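Heads up: the structure comes next, in structure tokens.
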Amino acid sequence: MTGAGLLAVVVLLAAGVGVALLLPELRRRRREQALLHLLAAFGPAAAAGHADPERFVAWSEVARTARALFPEAFARLDAASGGRFPFSRQAVEAAHARWTADWLAWERQHDLEYKERAAAAESALAGADGDAAEALRARLAAVNQEKLQTYQDRYERYVRVGKAIAALEDEPDAT
């Protein structure tokens, strides 16, 4: 082997060793970048989820997909956060409690609003006769129908989101 050939072999070996030493560092950096991207994506999601249980459910579906794609990264995030990242069991329970409390407050307000509207229509009806009475009876029926329809629409939403949150409570926590 000539001197130039030997030099080429040494250079190739040195390059191979350099690449072998560099690859683990590049992999580590890639894993760290993935963690940073997940934190950047789900940090605001966690805040949004605390503020609005419907957004909590929507973001949890995105988190479930991300967990399937990046299981190692989520395992590290779970370990670092001490629970299922980004939505721990406590966060799920808090979302469910908030959703229920919001529903109960809305239900009371809805009932009060429509009782007042019906009472106003009934009061006007008590002093009316003829065509005016007929129009007021139709108005009272419309108020009652609107009350029922808005209640049914909101209740459907309440049940749908409540079931989605309850399903999250059944998911295992990372702790």
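Counting from 1, the numbers follow the sequence of the chain as shown. Keep in mind the model is a prediction, meaning the values are calculated, not measured.
The backbone N or O of Ala120 sits nowhere less than 3.5 Å from a side-chain atom of Ser123 that would complete a donor-acceptor pair. With hydrogens and angles disregarded, no donor-acceptor distance shorter than 3.5 Å links the side chain of His96 to the backbone of Ala166. For the pair Arg89 (side chain) and Glu169 (backbone), a donor-acceptor distance under 3.5 Å is present.
With respect to the salt-bridge test (charged N to carboxylate O, under 4.0 angstrom), the residues Arg137 and Glu134 qualify.
Between His50 and Arg98, every side-chain heavy-atom pair lies at or beyond the 4.5 Å cut-off. Glu93 places none of its side-chain heavy atoms less than 4.5 Å from the side chain of Ile165. Side-chain contact between Arg64 and Leu168 is present, with heavy atoms from C-beta onward closer than 4.5 Å. Glu54 has its side chain within reach of Trp99: a pair of non-hydrogen atoms, C-beta onward, lies under 4.5 Å apart. Between Arg154 and Arg157, some side-chain heavy-atom pair lies under the 4.5 Å cut-off. Side-chain contact between Leu77 and Phe42 is absent, with no heavy-atom pair separated by less than 4.5 Å. The side-chain heavy atoms of Arg84 and Arg67, taken from C-beta on, include a pair separated by under 4.5 Å.
Residues Phe74 and Pro86 approach most closely at CE2-CD, 4.3 Å, considering heavy atoms. In this structure, Ala73 and Leu35 approach most closely via the heavy-atom pair O-CD2, 3.4 Å. Shortest non-hydrogen contact noted between Ala118 and Asn144 is CB-OD1, 4.3 Å. Leu38 and Ala66 make their closest contact through CD2-CB, 4.4 Å (heavy atoms, listed as atom of the first residue, atom of the second, distance). For the residue pair Pro53 and Ala95, the shortest heavy atom distance occurs at CG-O, 3.7 Å.
There is no path of hydrophobic side-chain contacts, each under 4.5 Å, that joins Trp106 to Leu112. When hydrophobic clusters are built by joining Ile, Leu, Val, Met, Phe, Trp and Tyr residues whose side-chain heavy atoms come closer than 4.5 Å, directly or via intermediates, Leu36 is not grouped with Leu69. Hydrophobic clustering keeps Leu148 apart from Leu140 (ILVMFWY residues linked when any side-chain heavy atoms are closer than 4.5 Å, directly or through intermediates).
Side chains of Tyr114 and Glu146: a donor on one and an acceptor on the other come within 3.5 Å.
For Arg139, the CZ atom is loosely surrounded, since the number of other residues' heavy atoms within 6.0 Å does not exceed 12. In Asp131, the CG atom is not crowded: 12 or fewer heavy atoms of neighbouring residues, nucleotides or ligands sit closer than 6.0 Å. Within 6.0 Å of the CD atom in Gln152, the count of heavy atoms belonging to other residues, nucleotides or ligands exceeds 12. For Tyr158, the OH atom sits in a packed shell: over 12 heavy atoms of surrounding residues, nucleotides or ligands are nearer than 6.0 Å.
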Practice problem: Determine, step by step, whether Arg76 and Glu32 satisfy the salt bridge (Lys or Arg N to Asp or Glu O under 4.0 Å) criterion, reporting the C-alpha distance in whole Å, the side-chain angles of both residues, the deciding distance to 0.1 Å, and the verdict. | Solution: CA-CA 10 Å; Arg76 287 185 64 198; Glu32 295 299 320; 3.1 Å; yes
Self-check item: Chi angles and distances behind the ring-ring contact (aromatic ring centres under 6.0 Å, His included) call for Trp103, Tyr151
Solution: CA-CA 11 Å; Trp103 160 257; Tyr151 186 90; 5.5 Å; yes
